[in-house]
Amino acid sequence: MLDAAVFQGLSWNLLDDFRQLFTYPFMVNALEAGTIVAVMAGVTGWFMVLRRQAFAGHTLSVIAFPGAAAAGWAGVPLALGYFGFCGAGALVLAAIAGTRRSLGAESAAIGSLQALALALGFVFVSLSHSILTGLDSLLFGTFLGITRSQVLVLLVVAVATVAVTAFAARPLFFASVDSDVARASGVPVRLLGLGFLLVLGLSVAETSQITGALLVFALLVTPAATAHRLTPRPWLGLTLAVALALAVTWAGLALAYFSIYPVGFYVTSLSFGVYVLVRIVTR
Amino acid sequence: MFAQEFMRNALFAGTFVGLACGLVGYFVVLRAQVFAGDALSHVAFTGALGAAALGLDLLAGVFVATICGGLLIGLLGERARADDVTIGSLFAWTLGLGALFLAIFTTQRSGSGNGAAGVRVLFGSIFGLNGHDVRVSVAIALAAAVALLAIARPLLFSSLDEGVAEAQGVPVRALGLLFLALLGVVAAEATQAIGALLLLGLLAAPAGAAQRLTTRPWLGLAVSAALAVGSVWLGLTLAYVFPSIPPSSAVIGVAVAAYAVTLPSRRIVHGSIESTTR
């Protein structure tokens with residue numbers, strides 16, 4: 001993993017281990033990026049679970065993969081591919097949701113969109129002949145090699161998405177809990193739905209650059225699901241979701257640093273463990 | 001095209017995989033369980049890589065994982081239907097586990113450090129099937145299709161109106177579980193051919209198109225199966241003619257294109273399935 005002469009591995013001195021985590025710039029960058037991503041995913045994930053849009057959220061997170069693969073193939077910056085595809089995906093999903101068809105028909109449309117996105121992604125990866133080197137990190141992410149500028153871009157996007165969500169939080173909550181009453185009271189329900197999907201797409205596009213397209217979803221859904229189990233109160237729930245996302249991300253990164261196994265495994269396992277525990281306790 | 005053995009194998013196996021996916025997919029869409037199909041496709045990935053990491057048979061790993069996954073999804077929810085959030089949390093973790101198995105496999109077993117096995121599982125390898133693979137996959141697909149048709153009548157009843165079906169003595173919960181186990185079998189079956197990540201398209205798109213074209217259930221089932229098989233044929237042909245397109249992507253591309261064509265068609269709204277309360 002690292003230069004053997006410098007890397008000390010896990011010792012019994014926990015304080016020393018803790019200090020070691022912050023020794024390397026790449027690890028500091030990873031921890032900062034993880035923190036930003038966790039806050040963003042906690043906030044948007046909480047609303048995603050509230051609005052019962054887990055399938056749409058998963059589809060959006062998967063769309064990040066063809067975005068990156070297309071950008072890699074066309075030779076444009078990866079971020080452009082991520083944002084372009086996730087933005088377009090959000091628009092299509094909003095159009096699907098807007099038709100107010102039956103649940104089965106809607107999920108068929110979402111599922112088809114998702115499969116198409118993945119199929120396209122595979123075409124782009126095959127075309128650019130980077131199948132074995134690039135695919136792994138596109139799908140499962142890597143926390144190594146995150147640069148300062150990536151962290152800065154992440155920060156800007158995160159501040160924007162969280163600010164927009166906070167600004168629209170009250171009407172969005174109202175529209176999510178009871179869309180008919182909200183519509184009757186003059187809340188622009190459809191506009192909010194579209195706006196939320198765009199924000200979700202934006203945060204997914206950002207997050208998947210670090211966690212990989214397949215693992216964003218874990219950070220979106222599991223801490224939020226746990227928070228919803230624990231409390232129905234919105235502000236407390238949002239805070240809990242963010243806190244849980246932060247805790248599992250930090251712990252996951254630290255564990256991954258001291259072992260040879262991928263960070264995605266630790267993050268998903270920790271968050272799922274907490275979720276199961278909470279489910280058993282709040283039964 | 002038919003002179004090539006790999007192409008004959010692919011078409012033969014693909015036909016039955018398409019048939020099974022089209023039939024099961026119709027019920028998946030009717031019962032609004034596409035997300036469960038999505039989850040099972042990811043479970044298939046983890047099952048295959050888990051078996052690979054442990055040095056076991058890949059196909060057996062996939063089948064065990066998806067059937068157990070299907071039953072688990074059924075058991076977690078009321079009336080054999082778990083909610084999206086439960087399913088989502090479960091398969092997010094499954095994916096993480098898959099990432100772990102991939103890491104173990106690539107670092108310890110294959111030694112070369114590449115993710116070729118992962119790629120095959122994720123996106124299928126229909127052009128790489130040998131005669132034995134084909135026979136196994138045709139037999140399993142046929143068995144799944146027959147099993148589904150055998151329970152189709154009560155399953156249709158309980159999918160359209162669960163309450164009434166239950167009152168009439170239809171074992172709704174057992175049927176739901178059995179259906180999810182069957183979905184697991186089909187997901188595992190399709191993993192080999194078109195890959196864990198893409199099989200959702202063959203479940204959702206032909207069935208979605210069939211439901212737009214007709215409201216009659218038996219006709220819909222037939223249309224869904226026919227569209228799925230047709231997508232496989234056309235997709236494989238396209239991939240043969242244009243070698244730079246991966247076969248599984250071509251199949252899904254055709255299936256989704258067929259679905260997109262049906263979208264503008266106006267269909268008669270029928271109250272029992274159409275929900276107006278959303």
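Below, all heavy atoms of this structure are taken into account, side chains as well, without hydrogens, waters or symmetry copies.
Between the side chains of A:Thr222 and B:Trp93, not a single donor N or O lies within less than 3.5 Å of an accepting N or O.
Proximity of a side-chain donor or acceptor of B:Arg212 to a complementary backbone N or O of B:Leu263 within less than 3.5 Å is detected. In terms of modelled atom types and a separation under 3.5 Å, the side chain of B:Ser224 and the main chain of B:Gly220 share no donor-acceptor contact. A:Ser269 places no side-chain N or O within donor-acceptor distance of the main-chain N or O of A:Tyr266, the cut-off being under 3.5 Å. The backbone N or O of A:Phe265 sits less than 3.5 Å from a side-chain atom of A:Thr268, completing a donor-acceptor pair.
Heavy-atom distances place the side chain of A:Arg279, and not its backbone, under 4.5 Å from chain B. Heavy atoms closer than 4.5 Å to chain A are found nowhere in B:Leu203, neither backbone nor side chain. If you measure heavy-atom distances from B:Val29 to chain A, the contacts under 4.5 Å come from both the backbone and the side chain. Proximity to chain B is limited to the side chain of A:Tyr275, based on heavy atoms less than 4.5 angstrom apart. Neither the backbone nor the side chain of B:Phe101 comes within less than 4.5 Å of any heavy atom in chain A.
Ranked by heavy-atom pairs shorter than 4.5 Å toward chain A, the options B:Leu199, B:Leu202, B:Val256 are led by B:Val256. Taking B:Ala204, B:Ala39, B:Gly25, B:Gly201 one by one and counting their heavy-atom pairs under 4.5 Å with chain A, the maximum is reached by B:Ala204. Ranking B:Leu198, B:Ile252, B:Asp38, B:Ile194 against chain A, the residue ahead of the rest is B:Asp38, based on heavy-atom pairs under 4.5 Å. Ranked by heavy-atom pairs shorter than 4.5 Å toward chain A, the options B:Thr94, B:Leu97, B:Val28 are led by B:Leu97.
For the side chain to side chain contact (heavy atoms under 4.5 Å, CB included) test with A:Ile63, the passing option among A:Leu118, A:Leu113, A:Val204 is A:Leu113; the others fail.
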**Item:** Test log, rule side-chain contact (heavy atoms from CB on, under 4.5 Å), inputs B:Leu180 and B:Leu72
**Value:** CA-CA 9 Å; B:Leu180 281 168; B:Leu72 192 61; over 6 Å; no
**Asked** Between A:His58 and B:His42, does a side-chain contact (heavy atoms from CB on, under 4.5 Å) hold up when you go through it step by step?
**Response** CA-CA 12 Å; A:His58 180 235; B:His42 291 82; 3.4 Å; yes
**Test ring pair (Phe, Tyr, Trp, His ring centres under 6.0 Å) applied to A:Phe65 and A:Phe124, step by step** = CA-CA 10 Å; A:Phe65 163 61; A:Phe124 288 128; 9.4 Å; no
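Counting heavy atoms of neighbouring residues, nucleotides and ligands inside a 6.0 Å radius, atom CH2 of A:Trp46 exceeds 12 of them.
Identified by a heavy-atom distance below 4.5 Å to chain A, the contributing residues of residues 240-251 of chain B are B:Ser244, B:Ile245, B:Pro246, B:Ser248, B:Ser249, in residue-number order.
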